Amino acid sequence: MRELSPLHKERLGYKPKLAGALKSGIKSIKISKGHATSAVKDASDIQNLFSHVYGEPIVTFDESGSPLNLSTRNVGVILSGGQAPGGHNVIAGLYDALKAADSNNELYGFLGGPSGIVDSQYVKFDDEFINKYRNTGGFDIIGSGRTKLETEEQFEKTLATCKALNISAIVIIGGDDSNTNACMLAEWLKAKNTGIQVIGCPKTIDGDLKNDQIEISFGFDTATKTYAELIGNIQRDANSAKKYWHFVKLMGRSATHVGLEVALQTQPNICLISEEVEAKKQSLESIVDYVANVVAERGNAGKNFGVALIPEGLIEFIPEMKTMIQNLNDLLAVLEKDSSFANAQNVDKYQIIASKLASENAKVFSSLPGMIKAQLLMDRDPHGNVQVSKIETEKLLIEMVRVKLAQMKSEGKYTGKFSDQAHFFGYEGRCAMPSNFDADYCYSLGYNAFALISAGLTGYLSSVKNLTKPAAEWVAGGVPLTMMMNMEKRHGKMKPVIQKALVELDGPVFKEFEANREKWAKTDCYVFPGAIQYFGPSDVCDITTITLQLESKKPARV
Ligand code: FBP
């Protein structure tokens, strides 16, 4: 039996391309500092809450400037939140920089996410360990988790773990919530004068941790290419058999960056954009009308097939649903403590809930099929979010579209036949073998994180920019985490959080989609991207997403 596939074996030997200034090696890197920064919004609140790490400058690595401090040190690393292709390469880049600086340096990996550092569960990396994971997908090197690092007790335990292992810096690889917590930890450790630094790395397939300084989070490239391959295959199948409408829910907890990118890569007949639904205050009924009209128009032209992309987070962007879910969240927080509710049958729970929700919300809740009601009652994640990956929005839409089409048929407005297939693509993409782009980008982010540590910084996010250019032209540096923060309501209280980047309806990516969607709905313009290629011409293997390419042309906001 073979232990590794031929491709896996070959990829272990891939040498990731490093960003320009990092290429000469950790010992030659110099740092330049810019001006003091301020928070993107609510600056005085953020400054008060993060008085020790607030306002630091953006930094850039290049060949001039001040040298780094490469004294011997131990570093710890944590993978936090959902998997994203390339995480192993962040750790490999960090490890290589750390060992190149001083072979006595040690890298510790905390097991199972942030809880690993609190509970002091760890491994120590060596060459043999790291080499088995180079350029591979997944987070299985040390595992991940969604524990929120935020309490005094967790911070005390983190400090104790660091002291026991003589760790002077922690790298947290995570999304907006994890990096918000990284900033809180950096502030706490600095306020206590511990000398322990915290550096974040921007991770999430959702692509919503980005701003003027961070062009894209890692994993988005590989995940969208993986989904685009699968959607392309489905489109070809639909176009061959000509008998099914495929409704595909695509991951992306809140933002529709994944759906939009996949739509641009594949040109499906329908792609719903949550942010547009919210902006236009579209009701569930009007969304169903839109989808049914596209199906009907195609069906009346003899095309009883098509592909519709549904964003995972859609349900929370439909105004009446959003209001109902907020009311439901508050209610469940109270009912959770009531054991008679916890032990009740689902049908009884629905009645209790309907009787306690505000009347408009009760109406919306009661109108949903039992399957969706049950899914809405499932546990929230540690950040208080509904687990949208478990809500079968694609099936809800199929059912509602079927009813609408039957009505249209009875009115003589629809002469076709509707036969459906439902899919959910999410986990299929989160652990794919990283594309060359993600392998290179992640390795650079990890290597760069060690440069930030060696520059004595804390509360920074590792940044690599100019990503649509060849890696030799990428610009490495760091952005203060406080610069990306603002105050938002969470669990009924105002909290400091990294601002999530939703799809901008006046941005070039949505505009490109908007200009084409009508044509894609009526005619069959399907594009079949095929599988990610790792070897071959650079314009096939190294290109990044359409999103990044379109956004790189947009003038920077001041
Ligand atoms: P992160 O934000 O932590 O990167 O995770 C994103 C994601 O992949 C979402 O797209 C999805 O809703 C969620 O994770 C699902 O994760 P889980 O299975 O832990 O609920």
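We count ligands from 1, going down the list as the structure has it; atoms in each ligand are counted the same way. Just so you know, these numbers come straight off a predicted model, no measurement behind them. Below, each value reflects all heavy atoms present in this structure, side chains not excepted, and no hydrogens, waters or symmetry copies.
- Scanning the protein heavy atoms around atom 12 (O) of ligand 1, the nearest turns out to be Glu312 OE1, 2.9 Å.
- Taking any N or O of Gly252, backbone or side chain, at least one lies under 3.5 Å from an N or O belonging to ligand 1.
- Looking at ligand 1, you won't find any N or O of Val388 less than 3.5 Å from one of its N or O atoms.
- Those atoms of ligand 1 with a heavy atom of Met251 less than 4.0 angstrom away are 8 (O), 10 (O), 11 (C), 15 (C).
- Contact annotation: Gln83 has no heavy atom less than 4.0 Å from any atom of ligand 1.
- Contact annotation: for Arg430 versus ligand 1, heavy atoms closer than 4.0 Å belong to the side chain alone.
- Proximity of Lys203 to ligand 1 is established by a heavy-atom distance of less than 4.0 Å.
- Protein heavy atom at the shortest distance from atom 10 (O) of ligand 1 is Asp206 OD1, 2.7 Å.
- Expressed to the nearest 0.5 Å, how far OG1 of Thr180 lies from CG of Leu185 amounts to 12.5 Å.
- Other residues, nucleotides and ligands contribute more than 12 heavy atoms inside 6.0 Å of the CD atom of Glu152.
- Taking only nitrogen or oxygen atoms, main chain and side chain alike, Arg146 reaches within less than 3.5 Å of ligand 1.
- Interface atoms of ligand 1 facing Tyr427, defined by a heavy-atom separation under 4.0 Å, are 15 (C), 17 (P), 18 (O).
- Contact between Cys201 and Asn179 at its shortest, heavy atoms only, is O-ND2, 3.5 Å.
- Those atoms of ligand 1 with a heavy atom of Gly81 less than 4.0 angstrom away are 3 (O).
- Nearest heavy-atom pair, Gln83 versus Ile205, reported as atom, atom and distance to 0.1 Å: O-CG2, 3.9 Å.
- Between Phe220 and His257, the ring-plane angle classifies as perpendicular under the 30° and 60° cut-offs.
- In Lys495, the NZ atom is not crowded: 12 or fewer heavy atoms of neighbouring residues, nucleotides or ligands sit closer than 6.0 Å.
- Looking at every heavy atom in both residues, Asn89 comes nearest to Tyr133 through OD1-O, 4.4 Å.
- Ring geometry for Phe155 versus Trp188: interplanar angle of 30 to 60°, hence tilted.
- Using a 4.0 angstrom heavy-atom cutoff, Gly82 counts as in contact with ligand 1.
- Taking CG of Asp237 as the reference point, atom OH of Tyr526 lies at 11.0 Å (rounded to 0.5 Å).
- Contact atoms of ligand 1 toward Thr204: 1 (P), 2 (O), 4 (O) (distance under 4.0 Å to a heavy atom of the residue).
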